[in-house]
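I have placed the structure first, in the form of structure tokens, so that the comments after it can refer back to it.
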Amino acid sequence: MSVERVLLTNDDGIDAVGLRALYDELTDDYDVVAVAPTGDRSSAGRALSEGVDIAEHELGYAVDGTPVDCVVAGLDALVPDADVVVAGCNKGANLGAYTLGRSGTVSAAVEAAFFDVPAVAASMYVPGGDDWWKRELEPAEFANATRATRYLVAEATASGAFDRVDYLNVNAPVADGERDSPAPMRVTSPSPWYGMEAAHDGNGRVRFSDPIWGKMNDGDVPDSVGTDRRAVVDGEVSVSPLSVPHTAEPDAGFDELAAAYGRATENVR
């Protein structure tokens, strides 16, 4: 397929540096229309509103809603002729199978798949301590992510890859502004490692933490080569070709359970 128009969204907000970096990268080749949240809607997952307010923006449309709101509004009303949806570039990585459902960036790509529109979710790993998110980033630092996304929008669509997968989850390391060569690319699978922790303080509050980010800072991750997290830690651009979730498994033995349900409920009347 050929790509002429791109719907660009994110979960950091329409004025985020990462979105602008992707917009500028993609407009060299495509007509790009941003349909993105008015502000930060990180970790919104696939939350959907009953309706949203929109306003025109120099890049397209600012939506008072979630990333999924943006995709539904964009593909069904505002930019119905979009050939591809690109979500990002997110400030912060979306690595590991357990993060995918909560990520607004990835959820936007998943929503596009239900419209049968190819999608790329692009994120950038920003190393640092607990206050990594306070780091002010320059557009050039997103170069590994934006170059990879531009390449994939062109080549993955032209090769017919989206006949076999629904969306791509792309994660890239921060680019060195003084180095022109791009980071190498590796095809990966989402890491299955899960380590979320909860601590009850005894005063009516439970706090959550995810130790993986500290492990990444130390370069000590529990992931093998071929996983998304290992690729990024090794300075590579991770590309995970994925399909939309919730595929039924016909051979899990539930036909027998369903057939026995009537008999089981009769015994408890």
Side-chain angles (χ1 to χ4, degrees), residues 9-13 16-22 25 40-46 67 86-110 119-149 151-152 167-176 182-197 208-242:
T9 191
N10 72 347
D11 69 1
D12 289 336
V17 176
L19 182 137
R20 187 59 190 244
L22 256 183
E25 182 81 24
D40 188 354
R41 299 301 294 266
S42 297
S43 299
R46 291 192 61 219
V86 174
C89 181
N90 193 62
K91 179 182 178 181
N94 284 297
L95 300 165
Y98 70 104
T99 70
L100 302 183
R102 73 171 67 125
S103 164
T105 304
V106 175
S107 292
V110 170
V120 178
S123 304
M124 185 175 74
Y125 170 55
V126 183
D130 292 339
D131 59 352
W132 66 267
W133 53 274
K134 296 180 181 178
R135 178 174 169 179
E136 295 291 335
L137 296 167
E138 298 296 326
E141 293 180 280
F142 288 87
N144 282 325
T146 59
R147 282 183 295 209
T149 302
Y151 173 81
L152 290 166
Y167 71 99
L168 305 176
N169 186 36
V170 178
N171 285 273
V174 175
D176 183 346
M185 181 179 290
R186 183 180 293 274
V187 179
T188 63
S189 298
S191 168
W193 187 88
Y194 180 79
M196 287 296 300
E197 297 175 350
F208 304 126
S209 62
D210 188 350
I212 195 61
W213 304 110
K215 292 178 180 292
M216 289 185 70
N217 286 333
D218 295 337
D220 180 27
V221 294
D223 301 290
S224 59
V225 172
T227 58
D228 54 1
R229 190 179 295 116
R230 169 57 64 184
V232 171
V233 169
D234 289 347
E236 300 170 328
V237 176
S238 165
V239 181
S240 296
L242 301 172

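In this text, all values refer to a predicted model and were calculated from it rather than measured experimentally.
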inquiry  = Quick check: do R41 and P67 have side-chain heavy atoms less than 4.5 Å from each other?
reply    = yes
Side-chain heavy-atom pair P211, E197 within 4.5 angstrom cut-off = yes
key: With sequence neighbours excluded, residues passing side-chain contact (heavy atoms from CB on, under 4.5 Å) with A145   = C89, A172
Separation between CG of L100 and CG of D228, rounded to the nearest 0.5 Å = 7.5 Å
task = State, to 0.1 Å, how close G92 and S123 come at their nearest heavy-atom pair, and which atoms those are.
result = O-CB, 3.3 Å
message = Using every non-hydrogen atom in the two residues, find where N144 and P173 come nearest and quote the distance to one decimal.
response = ND2-O, 3.2 Å
note = Taking every heavy atom of S43 against every heavy atom of D11, the minimum-distance pair comes out as N-OD2, 3.8 Å
request  = Find the distance between CZ (R186) and OG1 (T227) and round it off to the nearest 0.5 Å.
outcome  = 9.5 Å
query = What distance do K91 atom NZ and L137 atom CG have between them, rounded to the nearest 0.5 Å?
reply = 5.0 Å
key: D234: partners by salt bridge (charged side-chain N to carboxylate O under 4.0 Å, His left out), with sequence neighbours left out   = R230
request  = First locate atom CG of L152, then atom CE of M185, and finally report the distance between them rounded to the nearest 0.5 Å.
outcome  = 4.5 Å
task = For R46 and V110, run side chain to side chain contact (heavy atoms under 4.5 Å, CB included): C-alpha distance rounded to whole Å, both residues' side-chain angles, the deciding distance at 0.1 Å, then the answer.
result = CA-CA 9 Å; R46 291 192 61 219; V110 170; 4.0 Å; yes
request  = Measure the CZ-CG distance between F142 and L22 for me, rounded to the nearest 0.5 Å.
outcome  = 9.0 Å
ask   = How would you list, by chain and number, every residue that makes a side chain to side chain donor-acceptor pair (under 3.5 Å) with N169, sequence neighbours excluded?
value = none
remark   = For Y98, the side chain to side chain donor-acceptor pair (under 3.5 Å) test, sequence neighbours excluded, returns D210
Give the table of side-chain donor-acceptor pairs shorter than 3.5 Å for residues 189-196, with sequence neighbours excluded, one pair per line with atom names and distance.
unit_1 : atom_1 : unit_2 : atom_2 : d
S191   : OG     : W193   : N      : 3.2
S191   : OG     : D223   : OD1    : 2.4
S191   : OG     : R229   : NH1    : 3.1

key: Set of residues satisfying side-chain contact (heavy atoms from CB on, under 4.5 Å) with respect to V187, sequence neighbours excluded   = P241
ask   = Between D12 and L19, is a side chain to side chain contact (heavy atoms under 4.5 Å, CB included) present by the stated rule, with each step listed?
value = CA-CA 8 Å; D12 289 336; L19 182 137; over 6 Å; no
request  = Kindly give the heavy-atom pair with the smallest separation between N171 and N94, and that separation in Å.
outcome  = OD1-N, 2.8 Å
key: Residues forming a side chain to side chain donor-acceptor pair (under 3.5 Å) with N90, sequence neighbours excluded   = T105
query = If you take all heavy atoms of A108 and A87, which pair is closest and at what distance?
reply = CB-CB, 3.9 Å
request  = Considering non-hydrogen atoms only, spot the tightest contact between A148 and V237 and give its length.
outcome  = CB-CG1, 3.8 Å
inquiry  = Please enumerate all residues that pass side chain to side chain donor-acceptor pair (under 3.5 Å) together with T99, with sequence neighbours excluded.
reply    = none
